[in-house]
Amino acid sequence: MSSQRMSLQDIIRSRQAGGFVGRQGELALFQENLALPVDDPRRRFLFTIHGDAGVGKTFLVRQLHRLAREQGYITAYLDETVFDTPAVMDSIAADFAKQRRTCDEYVKQSETYRKHKHDLDADP
C-alpha cells in the first residue's frame, strides 16, 4: 500500500475522469491525434467544440486538457473570464509557469507594459 494518501480532490478528479459518460468518440479522436507526429498531415491543431448550454462542453474541454497534460504536453486553459489580449497572454504564461515552463522574457515585458499603461491611465 502506498505511504502517500490521495487527497479528496485527487479522488474526486480520478472518479470523474473514469466515470465520464458520453463523448467517447471525441476523447478517442483527440488521443489519437496527440499520438500522431507533428508533421503528419492528419494531425489537427484545432478542435472545435460546440453545442447547447448544459450539454457538457466545459467538462469535455477539461477532459481533453487533462489528457494532453497526462501525455506531457504543455497546456493552458482560458475561458470567458479572460477578456483582453494582455490578460490572455498573462494567463497562458501563468499556466505554463505552473508546469515549470517559465516565460521569463514575456513576464518582464508584461510588467513593463502594465507599469507604462498605469502611468498613462493616471496622466490627466
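All values reported here derive from a predicted model rather than from experimental measurement.
Remark: the S110 side chain and the R114 side chain contain an N/O donor-acceptor pair separated by less than 3.5 Å.
Checked against ring-ring contact (aromatic ring centres under 6.0 Å, His included), Y106 has no partners two or more places apart in sequence or in another chain.
Taking every heavy atom of both residues into account, F47 and N33 meet most closely at CE1-ND2, 3.5 Å. Residues Q99 and Y73 share a closest heavy-atom pair of OE1-O, 3.7 Å.
As a member of the Ile/Leu/Val/Met/Phe/Trp/Tyr network built from side-chain separations under 4.5 Å, V82 groups with I74, L78, V88, I92, F96. Other cluster members for V38: F45, joined by side-chain heavy-atom distances under 4.5 Å among Ile, Leu, Val, Met, Phe, Trp and Tyr.
A single hydrophobic cluster is seen to contain both I49 and L29, as judged by linkage of ILVMFWY side chains at heavy-atom distances under 4.5 Å, directly or through other members.
Considering CZ of F30 and NE2 of H65, their distance stands at 9.5 Å, rounded to 0.5 Å. In this structure, CZ on R101 lies 11.0 Å from OG1 on T75, to the nearest 0.5 angstrom. Note that the OH atom of Y77 and the CZ atom of R69 stand 13.0 Å from one another [nearest 0.5 Å]. For the atom pair CD of Q63 and CD of E26, the computed distance is 12.0 Å after rounding to the nearest 0.5 Å. Here D119 contributes atom CG and H116 contributes atom NE2; the two are 7.0 Å apart, rounded to the nearest 0.5 Å. L46 CG to R44 CZ: the interatomic distance, rounded to the nearest 0.5 Å, is 10.5 Å.
Around atom NZ of K117, no more than 12 heavy atoms belonging to other residues, nucleotides or ligands sit under 6.0 Å away. In this structure, Q71 places its CD atom where more than 12 heavy-atom neighbours from other residues, nucleotides or ligands lie under 6.0 Å away.
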What verdict does the salt bridge (Lys or Arg N to Asp or Glu O under 4.0 Å) test give for E111 and K115, after you've listed the backbone C-alpha separation in whole Å, the side-chain angles of each residue and the deciding distance to 0.1 Å? CA-CA 6 Å; E111 289 168 358; K115 180 192 176 302; over 6 Å; no
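Contact check for E32 versus R42: no side-chain heavy atoms found under the 4.5 Å cut-off.
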